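What follows is a single structure, written as structure tokens, with notes after it.
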Amino acid sequence: MAISRSNISLQPARLAEWTQRLLPSPTALLESTVASYLREGRTVYRLGLGQPDFPTPERAKDSAIRAIHDDFTGYTDTAGILPLRQAISHALKRDMGLDYGPDEIVVSVGGKHALFNAICALCRPGDEVLIPVPYWVSFPEQVKFAGAKPVFVPTEASGGYKVSPELLAKRTNESTRLLILNQPNNPSGAVYNKQELAELAAFCRERDIWVISDEVYAAYAFSSEGFTSIASFPGMRERTVVINAVSKTYSMTGWRIGYSAAPAEVSEAMLLLQSHTTSNPSSIAQKAALTAIEGPQDDLETIRNRYIERRDILVEGVRRIRGLDCLKPEGAFYVWVDASFWIGRTLNGRTVGSMDELADILLKDAGVAVMPGTGFGSTRHLRLSYAVALPEMQGGLAAMEALLGLKG
Ligand SMILES: Cc1ncc(COP(=O)(O)O)c(C=O)c1O
């Protein structure tokens, strides 16, 4: 069942106080609506979800099967098996030039869990956390759960939806504890270059601000400069928690393996929390992740090129449609579409009051599932995903074109 404010009533007197503060995950809601449409046999073009359509690498699947047959099915180290942490340590060096030892790495139940542990380990009541807008849906909710205050930092299309020290400074005060930087960004696809990161790093050092660097899409940064982690700048390793996962990189979302790399003190705090909540992530999934991370990485190049090809088609298609506009994303697999033109206009007899309503009309009348920007902090945008095979994407574009029309 999907949790929504409309299908459960959270009684303040009977439940914990945080139940009043957190919003349900909009992505989970869309997923369940789409599933119900598909069960009814309706055609749905799934441009809404953040799930790669490529299969998990065969070698990772084989490792998991072998782990089961070898009875590798008991508890493991809470932080994850040592060979996996060693492989992650090696991969961080190989891919990002980062030096983290296996003792500074904690393997968790997906990137989301690693983020949760990191936020809980760093945030104290009353702390303020800088969250650039648009943001991934779970950041503010996790911060609120930890008793800290999300402070949103707006960005503009003209600035590539990126924050700068100037933008951050406007929202920073003595309570500012942490910046959550996600790049390549979900939903905007923004990727920071080295110069921009050096400036952000200097700002965080001067103001004594921690950084959680969510790098779950790092393998899918498209520019020739590739991806740079903010942790690689001088003085940043000691104030950064790097978060990554096998989920998006290797098409392993359901396996639930993510990880963090952080100074030992922070990793120990995260481990403390994990030891009393989930313990280790699945032993079988850890074996699969190990094989994915340490094996040859050539497939990633092929997948990256496929994403680039799809991105270009989707961007071109979106820009043709009446009332839609977007930047060309530099990474991840989403297009952040400004659809504000449609607010107050009428479509199929319905006045569009919000992005949620526009997304609803697109789903009901055109069979196109997209995410309204609301959960990502925008009342003007839709998020379209290109982690979907070309024919489905093209079908979705044609259906949107038929409903909304072409630019005049
Ligand atoms: C920016 C970002 N961070 C973290 C996650 C969580 O990834 P995982 O599936 O590994 O928990 C996601 C998943 O959509 C994401 O988009």
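Note that the structure is predicted; figures quoted are calculated from it, not measured. As the structure lists them, so they are numbered: ligands from 1, and atoms in each ligand from 1.
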Can you list the atoms of ligand 1 that are under 4.0 Å from a heavy atom of [X]?
X      : answer
Gly111 : 8 (P), 10 (O), 11 (O)
Gly110 : 10 (O), 11 (O)
Val216 : 2 (C), 3 (N), 4 (C), 15 (C)
Ala245 : 10 (O)

Nearest-neighbour protein heavy atom for [atom], which is reported as residue plus atom name and distance:
atom                    : result
atom 3 (N) of ligand 1  : Asp214 OD2, 2.5 Å
atom 10 (O) of ligand 1 : Ser247 OG, 2.5 Å
atom 9 (O) of ligand 1  : Arg256 NH1, 3.0 Å

Whether Asn182 lies under 4.0 Å from ligand 1, heavy atom: yes
Close approach of His113 to ligand 1, heavy atoms, under 4.0 angstrom: no
Selection from Trp136, Tyr259, Phe116 by shortest heavy-atom distance to atom 15 (C) of ligand 1: Trp136
Part of Lys248 within contact of ligand 1 (heavy atoms, under 4.0 Å): side chain
Within-4.5 Å side-chain heavy-atom neighbours: Lys144 and Cys123: no
Any Arg311 side-chain heavy atom under 4.5 Å of Tyr220 side chain: no
Donor + acceptor pair across side chains of Glu215, Ser213 (<3.5 Å): yes
Side-chain donor-acceptor contact under 3.5 Å, Gln274 with Thr78: no
Min N/O separation Tyr334 to ligand 1 under 3.5 Å: no
Glu156, CD atom: more than 12 neighbouring heavy atoms under 6.0 Å: no
Arg380 atom CZ: more than 12 heavy-atom contacts under 6.0 Å: no
Whether Gln297 side chain and Ile293 backbone form a donor-acceptor pair below 3.5 Å: yes
Phe227-Tyr217 aromatic ring centre distance below 6.0 Å: no
